Amino acid sequence: MASNRAVLQDRGPQVSVPSHFGNLEVVRVDVTNWEAEFQVRAADGSLVGPKFPTRLSMIRPNSEEDTKELWKLLVDDLFRVLKQDGELPEFVKDYEVSIDEDSTGEPALYVKILIKPGRVEADNATVDRWNDFVHLVQDRLMRFRLARLPYVQLGEWRRKR
Amino acid sequence: MSLPKDLLEQARLLAQPGTGRGRPRQASLRRAVSTAYYAVFHLLSADATAQASPAGPTGLRKRVQRSLQHTTMKTAAYALQSNPPHPRILALISGAIPTPLLSVARGFVRLQDERHNADYDLADHFDRSRVQGLIREAERVFRDWNTVRNTDEARIFLAALMFWNLWSK
């Protein structure tokens, strides 16, 4: 999206939506339709004006739309769909989402799948199932053709104290 | 045993519980990830070099192998496993990319990024399950590469690993 920031830089927070003042905020992500919706949050905290749908592939790194909240909602919706389709294995306890640069300096989206570790080292069949799910999530994220390169990692789930 | 297989075995040993009780140490887990990546790196770079360079004169092939760049290799692997694959790949591969080759490319990308985290990102925590997953990924790359390495698509992949940044010319 084009930004009006340069024109209106002295007039408070700007968003890429013309004629609105306030902070652009993601209100919904729909992985089924590969899009996210944004709305303006006014100074009084209310969401105002129309919702603006944007293709997931059109969200550029470091733009106003590129927030951690957006990526969290995207992964939330992806896991919702996986669960709905019976593709969420029982060993997945939680997940973490972060954005960063990858090893080559490209903007990246990281999803860490948290599994409950056993008392003893897992056997190969179990580890293969973990990896199969990593690949499944990776493939789904790749389909969205995100400007951030998606990476999926494994990690052990620990009970929060 | 070859260097790549030796490295893979070394990665397994590093990830095992120590000789005493308790979990493997962070240093061992991080070295295991790095070693698993280098096992895959040397597996592919040896074949890429053998394809690109004659065996003689002595030392030539090793010199060519040294010219391989991790970043270029990762970019090429990412381009192949993308959906759809990069146009430079599609210009050379007309049919579907064999599944084992996609698996090799995907594993290479994953392992290289995790190796970077393991070697440099001290804020990142490596636990046994994560490392087991990565070593198993490296093992899968070995198996799948063995299946696909003599195909035309694999030869294109090897060339891409070496020359990706020059292919835009």
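Lettering of chains follows the sequences in order, A, B, ..., and the numbering in each one begins at 1. What you are looking at is a predicted structure, and each value in this text was computed from that prediction instead of being measured.
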Q.
Whether the side chain of N83(B) engages the backbone of R143(A) through a donor-acceptor N/O pair (distance < 3.5 Å, no angle test) should be reported.
A.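 Not confirmed, N83(B) side chain does not pair with R143(A) backbone.
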
How close do [X] and [Y] get, counting heavy atoms only, and between which atoms?
| X | Y | answer |
| --- | --- | --- |
| M142(A) | S82(B) | CE-CA, 3.5 Å |
| S129(B) | E156(A) | OG-OE2, 2.7 Å |
| S103(A) | Q112(B) | OG-OE1, 3.8 Å |

Linking I/L/V/M/F/W/Y whenever any side-chain heavy atoms sit under 4.5 Å apart, do [X] and [Y] land together?
| X | Y | value |
| --- | --- | --- |
| L90(B) | L166(B) | no |
| L102(B) | M73(B) | yes |
| W157(A) | L29(B) | no |
| L149(A) | I89(B) | no |
| F163(B) | L158(B) | yes |

Please classify the contact between [X] and chain B as side chain, backbone, both or neither, with a heavy-atom cut-off of under 4.5 Å.
| X | result |
| --- | --- |
| N124(A) | both |
| R129(A) | neither |
| V134(A) | side chain |

Q) Between T104(A), I113(A), T126(A), which has the largest tally of heavy atom pairs under 4.5 Å with chain B? A)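 Of the options given, most contacts go to T104(A).
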
**Q.** Contact winner vs chain B - H135(A), R145(A), E121(A), Q138(A), heavy-atom pairs under 4.5 Å
**A.**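 With the most close heavy-atom pairs to chain B, the winner is H135(A).
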
Q. N117(B) versus Q153(A): any side-chain heavy-atom pair under 4.5 Å?
A.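 Sidechains of Q153(A) and N117(B): in contact.
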
(Q) Applying salt bridge (charged side-chain N to carboxylate O under 4.0 Å, His left out) to D132(A) and R136(B), what does each step give before you reach the verdict? (A) CA-CA 11 Å; D132(A) 287 345; R136(B) 194 74 185 142; over 6 Å; no

Say you draw a straight line from [atom1] of [X] to [atom2] of [Y]; how long is it, rounded to the nearest 0.5 Å?
| X | Y | atom1 | atom2 | value |
| --- | --- | --- | --- | --- |
| Q132(B) | I115(A) | CD | CD1 | 8.0 Å |
| L154(A) | R128(B) | CG | CZ | 13.5 Å |
| H125(B) | K112(A) | NE2 | NZ | 7.5 Å |

Given that the side chain runs from C-beta out, which part of [X] has a heavy atom under 4.5 Å from chain A: side chain, backbone, both or neither?
| X | value |
| --- | --- |
| R140(B) | side chain |
| D121(B) | neither |
| E114(B) | side chain |

Q: May I ask you to check whether R110(B) and N131(A) show a side-chain donor-acceptor distance below 3.5 Å?
A: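 Yes, N131(A) and R110(B) have a side-chain donor paired with an acceptor closer than 3.5 Å.
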
Q. For residues Y78(B) and D102(A), is any side-chain donor paired with an opposing acceptor at under 3.5 Å?
A.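 Per modelled atom types, Y78(B) and D102(A) side chains form no pair under 3.5 Å.
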
Q) chain A: which of H116(B), R106(B), E137(B) shares the most heavy-atom pairs with it under 4.5 Å? A)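 Answer, by heavy-atom pair count under 4.5 Å with chain A: R106(B).
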
Q. So which of T71(B), D127(B), V109(B) has the biggest tally of heavy-atom pairs under 4.5 Å with chain A?
A.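 Max contact count across the listed options: D127(B).
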
Q: Would you indicate whether R143(B), at its atom CZ, is surrounded by more than 12 heavy atoms from other residues, nucleotides or ligands within a distance under 6.0 Å?
A: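 Yes.
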
Q. Under the side-chain hydrogen bond (donor to acceptor under 3.5 Å, both in side chains) criterion, do Y110(A) and D124(B) qualify, and how do the steps go?
A. CA-CA 12 Å; Y110(A) 285 95; D124(B) 201 357; over 6 Å; no

